[in-house]
Amino acid sequence: MAKRVFLIVLDSFGIGGASDAAAFGDEGSNTLASVLSYSNDPYPNLAKMGLLSIDGESDPRIIAYKNAQENLPDPIGSYARISELSAGKDSTIGHWEIAGIISDKAQPTYPDGFPEDVIKALEKATGKEFLCNKPYSGTDVIRDYGEEHMKTGKLILYTSADSVLQIAAHEELVPVNELYDICKKAREVMCGDNAVGRVIARPFTGSAGNFTRTENRHDYSLSAPSSTMLDLLKSKGYDVISIGKIFDLFAGKGLTESNPTKGNTDGINKTIETMDRDFNGLCFVNLVDFDMKYGHRNDIAGYAKAMHEFDDALATILSKLKEDDLLIITADHGCDPATPSTDHSRENIPLLIYGDGYNTPCNMGELAGFTNISDIVLSSLMSRNYVRDFSPAVNTNTPDCDNIMSYVDLTNLKTVATEADISDLIERAVSLKTASVCIPPCYVKDAVRMSKGRVAVCTVIGFPNGYSTTGAKVYEAKEACDNGASEIDMVININFVKSGRYDEVFNEIKLISDAVHKKGAILKVIIETCDLTEEEKIHLCKIVSDAKADFIKTSTGFGSAGAKPEDIALMKANVSPEVRIKAAGGIRTIDSAKEMIANGAIRIGASKLGN
């Protein structure tokens, strides 16, 4: 389970492909594809998170971009495409759905401006008069109405295709805090049938012909209709830290700390600073510039630059993740900067996950509902690790020097082994008081049932060649433990050893070690010594030690040669004191077994001993 979750929303970073895009007037919109069409410059860290491996990325612009890359990194975690279920495409509904609420009714929009009764109610509540009252671009509206606002003192009221009411005012004419107070009063008016998703304060400065919006924007969102992920976590005593406009989107509810930002750079820096703090819970981040500065302004170049800034920062974020941290990167809607529209677009969003429980590459396909994100967050923070009650208990074998068989994992890994053979093996192991029986994975459940706690059950994964993928091995190991195996013997990826890809070899062993230990079992790592140079053997002794496996094992028994006494001695000299040694392969006599033990082995893998 995770201690800290960092949930980063790249505001408007859609990836196209929404099945209902046409119903929203957004058929063909794809924010990611439009930005990638700007240049072929790589995004190595987003690619490493799986952004360019998501199913359904069929847009020709994405394909052309990927084809132009010299080397796309393999994903390191889980990745998916998520479709929105709520009836909307705005930030409020998108974030609500991320936090667990599906909105079946769209929030009201005003393509012809706000009706007269709403204007009168706003004037009465605020004591102000208003200009414009039309759907408008935020930069265009201050260009076209800013001078009149300065002359008359009337505030600029406008909307967009989204469910928003926006009020713009010059900071010298209407101080920021006064504008905020006006927007709070407007928020109270916009309720019931007129309950827009957000009332937004839009301060600006400058002079006629050169008006510029400032970074003092403030959103006043409609309160969520029911409790969200944030409320639940806060009620359970978790820290819920917001960075960026998360506070505004959830009307301040469910948070234990709020950190406003002045844009992406500030938001990224605050996120990295938070990673250096000790807390238990959720850090929920919104990086708004993608949407506010670039999507809505159809600025493809600016959007691409912002993507590169985040991609560069992502390297630091990944490096700062602790062992019990979880990183989730996603979006809340699209805002395709290449379409004529300057408004949000109905798109699928990416889901990129890495960290505790999600550090094995996994294509999760397409998921229905942003609510999948809240499920992942809550499960990661609130679920518990249960240690399986193995029978007999793990690591209770104490070899008896007067009984050589007490060192032995009695083995039958033949491809033609039958259920009857496994039953016979167990009865022989019980009578000889062996350390365990080592059997094919398909028989683990049967062996546990037959053993009835009389002898430990061991099985193999990635066997015998070791070149299956890490994800397959991790799954195989977990399933074997769930089926009752208390000991797991894995085969390393010797292909990667020969290719010098030792980091990946370590990562695989560490992932499987962690997974097995969480299940309560132990791990033995088979390095197949007959295929290795002495230098490779020494290197692997260090890797197995650093990965905190329980045993290092010489051989599968299926290689060109089995255990040799000199290999046991070499291992003994190079593994950490916590790592024990198992000799296996070709050990057919008691004398041979004793020689291995004399050189440092504490376990023997054999099928012939005791006959």
Asks: Can you confirm whether Leu122 sits close enough to Leu165 that some side-chain heavy atom of one is under 4.5 Å from a side-chain heavy atom of the other?
Replies: yes
Asks: Ring centres under 6.0 Å, that's the criterion: do Tyr110 and Phe114 meet it?
Replies: yes
Asks: To the nearest 0.5 Å, how far apart are CG in Asn30 and CG in Asp336?
Replies: 6.5 Å
Asks: With a 4.0 Å cut-off, would you call Asp59 and Arg61 a salt bridge?
Replies: yes
Asks: Looking only at side-chain N and O atoms, does Thr265 offer a donor or acceptor that is under 3.5 Å from a partner on Glu309?
Replies: yes
Asks: Which pair of non-hydrogen atoms, one from Gly471 and one from Thr360, has the smallest distance, and what is that distance?
Replies: CA-CG2, 3.2 Å
Asks: So with a 6.0 Å cut-off around CG of Asn385, is the heavy-atom count from everything else above 12?
Replies: yes
Asks: Indicate whether the side chain of Asp11 and that of Asn286 have a donor and an acceptor atom separated by less than 3.5 Å.
Replies: yes
Asks: Should the pair Asp276-Lys320 be classified as a salt bridge under the 4.0 Å nitrogen-to-oxygen rule?
Replies: yes
Asks: Starting at CD1 of Ile167, measure out to NE2 of His218 and round the result to the nearest 0.5 Å.
Replies: 13.0 Å
Asks: Is it true that His296 and Asp291 share a donor-acceptor pair across their side chains at a distance under 3.5 Å?
Replies: yes
Asks: Looking at Arg277 and Glu257, is there a salt bridge between them, counting it only when a charged N and a carboxylate O are closer than 4.0 Å?
Replies: yes
Asks: Below 4.0 angstrom, N of the basic side chain to O of the carboxylate: do Lys128 and Glu178 qualify?
Replies: yes
Asks: Only one of Phe130, Tyr158, Tyr136 clears ring-ring contact (aromatic ring centres under 6.0 Å, His included) with Tyr145; which?
Replies: Tyr136
Asks: Are Thr228 and Asp231 linked by a side-chain donor-acceptor pair shorter than 3.5 Å?
Replies: yes
Asks: Using the rule given for ring pair (Phe, Tyr, Trp, His ring centres under 6.0 Å), can you reason through Tyr220 versus Phe250, listing the C-alpha separation, both sets of side-chain angles and the distance that settles it, and then say yes or no?
Replies: CA-CA 9 Å; Tyr220 297 88; Phe250 290 93; over 10 Å; no
Asks: Can you confirm whether the side chains of Ser341 and Thr339 place a donor and an acceptor under 3.5 Å from each other?
Replies: no
Asks: For the aromatic rings, using the six-membered ring if either is Trp, is the centroid distance between Phe284 and Tyr238 under 6.0 Å?
Replies: no
Asks: Of all the heavy-atom pairs spanning Ala2 and Leu326, show the shortest one and how long it is.
Replies: CB-CB, 4.3 Å
Asks: If you take all heavy atoms of Met49 and Leu327, which pair is closest and at what distance?
Replies: CE-CD2, 4.0 Å
Asks: Indicate the atoms forming the closest heavy-atom contact of Ile54 with Pro350, along with that distance.
Replies: CD1-CB, 3.9 Å
Asks: One pair to check against side-chain hydrogen bond (donor to acceptor under 3.5 Å, both in side chains): His344 and Asp90. What are the steps and the verdict?
Replies: CA-CA 7 Å; His344 295 162; Asp90 61 87; over 6 Å; no
Asks: Taking the six-membered ring for Trp, are the ring centroids of Phe204 and His149 within less than 6.0 Å of each other?
Replies: yes
Asks: Can you tell whether the side chains of Lys270 and Asp266 come within less than 4.0 Å, N to carboxylate O?
Replies: yes
Asks: Name the residue from Ser86, Ser103, Ser221 that meets the side-chain contact (heavy atoms from CB on, under 4.5 Å) definition with Thr92.
Replies: Ser221
Asks: Which heavy atom of Leu179 sits nearest a heavy atom of Val174, and at what distance?
Replies: N-CG1, 3.8 Å
Asks: In terms of heavy-atom contacts, does CG of Asp117 have more than 12 from other residues, nucleotides or ligands at under 6.0 Å?
Replies: yes
Asks: Are Asp325 and Lys3 ion-paired here, with the side-chain N under 4.0 Å from a carboxylate O?
Replies: no
Asks: Closer than 4.0 angstrom, basic N to acidic O: yes or no for Asp41 and Lys305?
Replies: no
Asks: Between atom OG1 of Thr212 and atom NE2 of His170, what is the distance when rounded to the nearest 0.5 Å?
Replies: 9.0 Å
Asks: Mind checking whether Phe310 and Tyr43 have ring centres under 6.0 Å apart?
Replies: no
Asks: Should Arg346 and Glu84 count as an ion pair when the cut-off is N to O under 4.0 Å?
Replies: yes
Asks: Between Lys48 and Asp74 (salt bridge meaning N to carboxylate O under 4.0 Å), is one present in this structure?
Replies: no
Asks: Under a 3.5 Å cutoff, is there a donor and acceptor pairing between the side chains of Ser91 and His333?
Replies: yes
Asks: Measure from the side-chain N and O atoms of Ser163 to the backbone N and O of Gly197, and report whether any donor-acceptor pair falls under 3.5 Å.
Replies: yes
Asks: Looking at Asp343, Asp332, Asp162, Asp26, which one forms a salt bridge (charged side-chain N to carboxylate O under 4.0 Å, His left out) with Lys89?
Replies: Asp26
Asks: Assess, by modelled atom type and distance only, whether the side chains of Thr470 and Glu508 contain a donor and an acceptor separated by less than 3.5 Å.
Replies: yes
Asks: Hey, is the main chain of Arg202 close enough, under 3.5 Å, to the side chain of Arg217 for a donor-acceptor pair?
Replies: no
Asks: If we count only N and O atoms by modelled type, under 3.5 Å, do the side chains of Glu171 and Thr205 hold a donor and an acceptor together?
Replies: no
